[in-house]
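Just below is one structure, and these are the notes that go with it.
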Amino acid sequence: MYGRKQPCIEPEIHQRMYRQGRLSRKRKYEAEKVKCTTLTLSIGIEFWVKARMAHLQQQLRQMSVVETLLPPEWFRVGDLAFGQVDKGSGGILKLYRCVVIEDNMKWHVQVDSKQLVSTIVTFNQIPQCLTSVEDVKRLLNLVHNCHLCCGNNDERFMVYIASKNGKIMNASGSECVAYLDTLHSTIRHSECDLLIMPGESSQRCNRCVTYRGNLRTLANRHLKQAADFGRTNPGSHAAFSRLSSPEKCERYHQEHALRTACQRQVTNLHKKMQEVTEERGLSVHSSLHDDLVQIMKDNAEAVCTAHPPGTFGRVFLGNTDAG
């Protein structure tokens with residue numbers, strides 16, 4: 001009988017392969033054993049952490065414990081929220097500072113209803129997840145002892161931001177980099193820390209200090225532009241007859257350029273309105289249109305009372321009167 005012979009494995013090779021197989025099975029068993037042990041430990045630790053959180057929450061809900069934690073003028077303002085109440089102008093009470101503790105014992109701080117970022121350097125000494133009553137007490141005392149960032153409240157800065165409607169945008173106009181804090185009459189960086197560590201000599205946070213140079217440049221430029229607002233500007237109140245010939249020519253060219261720019265804007269607006277009307281507008285029968293116009297005219301006084309100038313109701317009423 002013809003056929004291929006099976007390869008003969010020498011006894012030593014066979015024995016070595018057998019030992020390697022046993023070794024691999026043993027390693028696999030030990031790895032599974034370590035995996036099971038790790039899973040058991042993680043489940044136990046998670047159960048212990050949840051039990052500790054529940055115990056801490058129960059302690060914080062007891063008035064006897066809360067009274068020992070709260071600094072002066074601090075009260076419980078929620079289930080796990082504690083705040084400092086301040087008497088503002090007119091004797092009205094307001095929530096000045098607030099510490100809110102979540103169900104997972106993580107926390108955040110609010111100052112004048114603005115939430116502080118959790119990465120603020122001031123609070124790095126407090127764990128992100130509270131584990132004991134002492135942690136809560138240290139957090140409350142730290143927030144209480146911090147002083148408020150004064151921002152940049154120089155008069156020339158305030159004049160400049162008033163011309164920007166209370167907001168300073170970046171170069172592209174897509175993001176606010178500073179804003180007017182009307183409550184404290186100061187200008188703050190959009191990422192102002194609000195609170196400063198007790199004992200710090202500076203009255204401003206690092207972000208407001210860094211942005212102060214930019215504010216100085218912007219305010220100086222604004223003052224220079226205001227000083228250059230001469231008699232030839234189209235917005236000047238100087239009588240045209242009192243201008244010299246060169247000033248009259250300059251003012252005429254500027255007014256002509258301004259009028260051209262306004263006409264261009266009006267043309268673009270008409271074009272945009274036509275596109276929107278063609279895309280989303282509805283055709284109204286002439287009789288219905290006349291009825292709507294008559295209703296607007298009959299109620300002109302009520303419309304003027306209810307809608308301030310510049311709103312759609314007043315503009316629509318003005319168009320009907322013009323028609």
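Source: prediction; values computed, not measured.
Panel note: side chain W74, backbone C98; no donor-acceptor pair is recorded below 3.5 Å. Counting only distance, with no hydrogens or angles, the side chain of N170 and the backbone of S174 share a donor-acceptor pair below 3.5 Å. Side-chain atoms of R188 never come within 3.5 Å of backbone atoms of Y179 as a donor-acceptor pair (strictly under, hydrogens ignored). A distance-only check finds no donor-acceptor pair linking the side chain of D193 to the backbone of L195 [under 3.5 Å]. Looking at T217, its side chain does come within 3.5 Å of a backbone N or O of G213 through a donor-acceptor pair. R259 places no side-chain N or O within donor-acceptor distance of the main-chain N or O of Q254, the cut-off being under 3.5 Å.
Between the side chains of D298 and Q294, at least one donor-acceptor pair of N or O atoms lies under 3.5 Å.
Applying the 6.0 Å contact sphere to NE2 of H147 captures more than 12 heavy atoms from other residues, nucleotides or ligands. More than 12 heavy atoms of other residues, nucleotides or ligands shown are found within 6.0 angstrom of CZ on R156. Atom CG of N206 has 12 or fewer neighbouring heavy atoms from other residues, nucleotides or ligands inside a 6.0 Å radius. The neighbour count for M169 CE, taken as heavy atoms of other residues, nucleotides or ligands under 6.0 Å away, is above 12. More than 12 non-hydrogen atoms from other residues, nucleotides or ligands lie less than 6.0 angstrom from CD of E275.
In this structure, I101 and L130 have side chains that are in contact, with non-hydrogen atoms separated by less than 4.5 Å.
One finds a salt bridge joining D154 and R212 here, because a Lys/Arg side-chain nitrogen approaches an Asp/Glu carboxylate oxygen to under 4.0 Å.
When every heavy atom of L69 is checked against every heavy atom of L140, the shortest pair comes out as O-CD1, 4.1 Å.
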